[in-house]
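The block underneath contains the structure these notes are about, expressed in structure tokens.
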Amino acid sequence: MRSGREQLSRLLESSSNVRLITQLHSLLIRSGQLTVVDCFFATRLVSSYAKVTSSSVARKLFDEIPHPNSFLWNAILRAHCRAHQWVETLHLFHCMASVPSKMDAYTLPNVLKACAELSLLHHGRAIHAVVVKSDRQYTCDMFVAAALVEMYAKCSEMCDAIRVFEGFEEPDVVLWTSVVSGYQQNGYAEKATAFFSKMVFENHLMPDPVTLVSVLSALGEQRDLQRGGCCHGFLIRRGFCLDIALVNSLLNFYAKMGQVKTAKRLFETMLVRDVISWSCMISCYAHNGRPIAALKVYRKMIELGVEPNSVTIISALQACSLACHLQEGRILHELALQKGLELEMSVATSLIDMYMNCSCYKEAISLFYRIPSKDAVSWATTIDGYTKNGFAGESLKLFKVMLLDNKVNPDAVTMLKVIDACSQMGVLCQAHCFHSYLIRCGFSDKVYVGAALIDLYSKCGSLDGAVRVYEGMFERDLVVWSSMIAAYGINGFGKKAVSTFECMIKSCIIPNNITFVSVLSACSHSGMVQEARRIFDSMGRVFGVTPDSKHYCIMVDLLARVGELQEALKLIEEMPKPVDPHVWCALLSGCRLYQDIEMGELVALRLLEIDASYAGYYNLLANMYASGGKWNKAEKVMRLIKERGLIKTPGYSSVLIGNDIRTFLAGGKIHQQEGKIRDMLRGLEVNIVEDLPFDDQEYPLEVAL
DNA sequence: TTAGGGTTAG
């Protein structure tokens, strides 16, 4: 027969809601069993409150006990740890340290955890020194060892973590897992999986769900679908399917691998889903280019009453950003405000990105300036947002502000965004300046920076600059090759682009969809129809790359430009549906050029079926009529634009004059120096004609024409 | 009385 004290203690231990714990607490006070001298029930209560993360109540109770014993001290440390109150944990530990006899092996894991979370490596090392000094008292304790491994791993000191691990002849699964997880969290995916293999195949230890979580993350990083599938099979056989963290990890693995259908199936079979499962699924769709599906999942989650957290909001915002879904984005902004998350760094950055992508740059900027301490990501997002909205000059100004602010160092991505802004401006001297800056900062050796610089120089019209960067690179990846191919292409050197493409294949670099966009558009710019046909045909057949709407668009444009209108139409008919309107536009331009009014009218009809409110389509049609002298029809279409109140976004070009960027809008106000500008243009035309090359050398097509 | 785990921003 159990005593009342023991029964009450067990009841407290099994209580999982605050109300019940509070009732038991009152009962203990009323019955006189909870006194300031009795640490037994105080410890039980503190532990129970900690389980339901009521650390403040636990602390109040603890503070009432004048002489806590080791058990009570450890319980309150754990309560603060569970509540992620790391500073308070350390503070209490220092109070406790004044009574050394109270500290034991149970104390250290909590304190080490706080050190790890606060990245207090020196503190952690000091505690490790205490452990070593204690000889066998703590050194053989596997719990302390696991906490030490975790602390070192969190502080990116994996060598020290391994030394702790190696101090044990027979480490248990938890200790092995700590190391696997440490490697994975520090970005050493291969080491993590190798360590896991050693644990299973050489040491014959059975992994548990926690081990598998870390392994799946590492396999996701390694893009190892096969071994991930083995883990899936294993967890089914071992009956771990109800471990929600493990299944979430598996869900995330399939999401990372782009296996959306498998992730969806897994999500649907989950008996219990928490907010992380839902967030994983939203993020899975958003990251795999299906923002509408992501938002659908988000709405379903809300409908089912699952409370979204900051990660859910971030993932849903990413979907809004991709789908340019401003209305839903604003609702999410309101939700973030209600939850007090608006200025949390990742949420604020996602909001800025969403507003920028939805062309609401003023709202994005206002939010950016309200973030109290900005990080490199928020700066880069805003810089990039300006560029996306066509304000590259503002991007560069903001970058200067970032440097003057001097609180955050720009990272590689920030640099790439600034290069993008420079590319949009297309001003060569600016490109030179920024390139010098990158060399000074030590970023110029990075492969991705090299690729971006090639792109920058080529967009500034300096093919020489692009070639110099390319030739000066020690390492060339797919992106570098693709950038160089594109650089030749946009500067009109189609043959060089194709020969670079062939050289890349000889170097055993497999082209991707972007490489094909570059090489096909290079052919298009130089009128190389046969080469384009050959390369387009090889895409799926030889390289396993399925042509998408961009590739079809380039091919249709190319065929239409050389007058192969029927072949272009045939290609469109072969395309997967729905056909992107840009493809029809390319054909319509060809109809205009070759005055195929009949086909042009049919194409225009298709375009207006897609979007009757887009003024650009009407303009294309009107231009086609005007080119053929069919003024009545052209006028009729233009009248339609006015009647329907449609507005066409004007095209523009810009030029650097002194330190000023001057922008010229198509159809804009007549420039005060228009006469002089036209004289200059006429002069240039004459010079171009006089300088026309007539040998076999390759010259940019635009110039030759 | 104690340990290792899952979702997120450019």
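Proteins get letters first, then strands, A, B, ... in listed order; numbering begins at 1 in each. This one's a predicted model, so the numbers in the text were calculated from it and none came from an experiment.
- Taking only distance into account, the side chain of A/S350 never meets the base of B/dA9 through a donor-acceptor pair shorter than 3.5 Å.
- Among the heavy atoms of the strands, none lies under 4.0 Å from A/S47.
- Among the protein residues, A/D208 comes within range of the nucleic acid bases, having at least one heavy atom under 4.0 Å from a base atom.
- Between B/dG5, B/dA3, B/dA9, one nucleotide has an atom nearer to the side chain of A/Q318 than all others, and that is B/dA9.
- The A/V210 side chain lies nearest to B/dG4 when the options are B/dT2, B/dG4, B/dT7.
- In this structure, A/M345 reaches the bases: a heavy-atom distance under 4.0 Å links it to at least one base atom across the strands shown.
- The residue A/D411 sits close to a base: some heavy atom pair falls under 4.0 Å.
- Taking atom CG on A/L250 and atom P on B/dT7, their separation rounds to 13 Å, with Å as the unit.
- Considering only side-chain atoms of A/T381, the nucleotide from B/dG10, B/dA3, B/dT8 that sits closest is B/dG10.
- Atom CG of A/L212 is separated from atom P of B/dG4 by 17 Å (rounded to the nearest Å).
- Summarising the geometry, the separation between CG on A/L77 and P on B/dT1 is reported as 16 Å, rounded to the nearest angstrom.
- Minimum atom distance to the side chain of A/C280 is reached by B/dT7, of the listed B/dG5, B/dA3, B/dT7.
- Residue-level contact check: A/S181 touches the backbone only, with heavy atoms under 4.0 Å from sugar-phosphate atoms and none from bases.
- Look at CG on A/D141: it is 13 Å from P on B/dG4, rounded to the nearest Å.
- Here A/L246 lies in heavy-atom contact (under 4.0 Å) with a base.
- Across all strands, A/Q185 comes closer than 4.0 Å only to sugar-phosphate atoms, never to a base (heavy-atom distances).
- Under 3.5 Å, the side chain of A/T382 and the base of B/dG10 form no donor-acceptor pair of N or O atoms.
- By the 5.5 angstrom centroid cut-off and the 30-degree plane limit, A/Y106 is classified as stacked against the base of B/dT1.
- A donor-acceptor contact closer than 3.5 angstrom links the side chains of A/N74 and A/D104.
- Note: A/Y355 and A/H333 meet the aromatic proximity criterion, with ring centroids under 6.0 Å apart.
- Spacing between atom CZ of A/F165 and atom P of B/dG4 amounts to 16 Å, rounded to whole angstrom units.
- For the residue pair A/D420 and A/S423, no side-chain donor N or O sits within less than 3.5 Å of a side-chain acceptor on the partner.
- Side-chain contact, A/T312 with A/N309: a donor N or O sits under 3.5 Å from an acceptor N or O.
- The distance between atom CG of A/N110 and atom P of B/dT2, rounded to the nearest whole Å, is 10 Å.
- In the interface, the side chain of A/S178 is not paired with the base of B/dG4 through any donor and acceptor atom under 3.5 Å apart.
- Within the nucleic acid shown, A/V173 comes within 4.0 Å of at least one base atom, counting heavy atoms only.
- Proximity note for A/R44 (side chain, C-beta onward) versus B/dT1, B/dA3, B/dG4: the nearest is B/dT1.
- Residue contacts for A/T211: at a heavy-atom cut-off of 4.0 Å it reaches a base atom on one of the strands shown.
- Computed from coordinates, the A/K388 NZ to B/dA9 P distance equals 13 Å when rounded to whole Å.
- Atoms CG (A/L205) and C1' (B/dG4) sit 14 Å apart, rounded to a whole Å.
- Nearest to the side-chain atoms of A/N309 among the listed nucleotides B/dG10, B/dG5, B/dT7 stands B/dT7.
- Picking from B/dT7, B/dT2, B/dG4 the nucleotide with the shortest atom distance to the side chain of A/F143 gives B/dT2.
- Not one side-chain nitrogen or oxygen of A/S279 sits closer than 4.0 Å to the OP1 or OP2 atom of B/dT8.
- The CZ atom of A/R238 sits 4.5 Å away from atom CZ of A/F240, with the distance rounded to the nearest 0.5 Å.
- Considering only side-chain atoms of A/S315, the nucleotide from B/dT8, B/dT2, B/dG5 that sits closest is B/dT8.
- A/W379 has its ring centre less than 6.0 Å from the ring centre of A/F368.
- Out of B/dT7, B/dG10, B/dA9, the shortest distance to the side chain of A/V413 is found at B/dG10.
- Here A/I244 lies in heavy-atom contact (under 4.0 Å) with a base.
- Checked against the 6.0 Å centroid criterion, the rings of A/F434 and A/F399 qualify as a close aromatic pair.
- Looking at the side chain of A/R78, the nearest of the listed nucleotides B/dG5, B/dT2, B/dT1 is B/dT2.
- Remark: aromatic rings of A/F267 and A/W278 are close, center separation under 6.0 Å.
- Among the atoms of the strands shown, base atoms are found under 4.0 Å from some heavy atom of A/N74.
- When the side-chain nitrogen and oxygen atoms of A/K113 are compared with OP1 and OP2 of B/dT2, none of them lie within a distance under 4.0 Å.
- At a threshold of 4.0 angstrom between heavy atoms, the contacts of A/A255 with the nucleic acid are absent.
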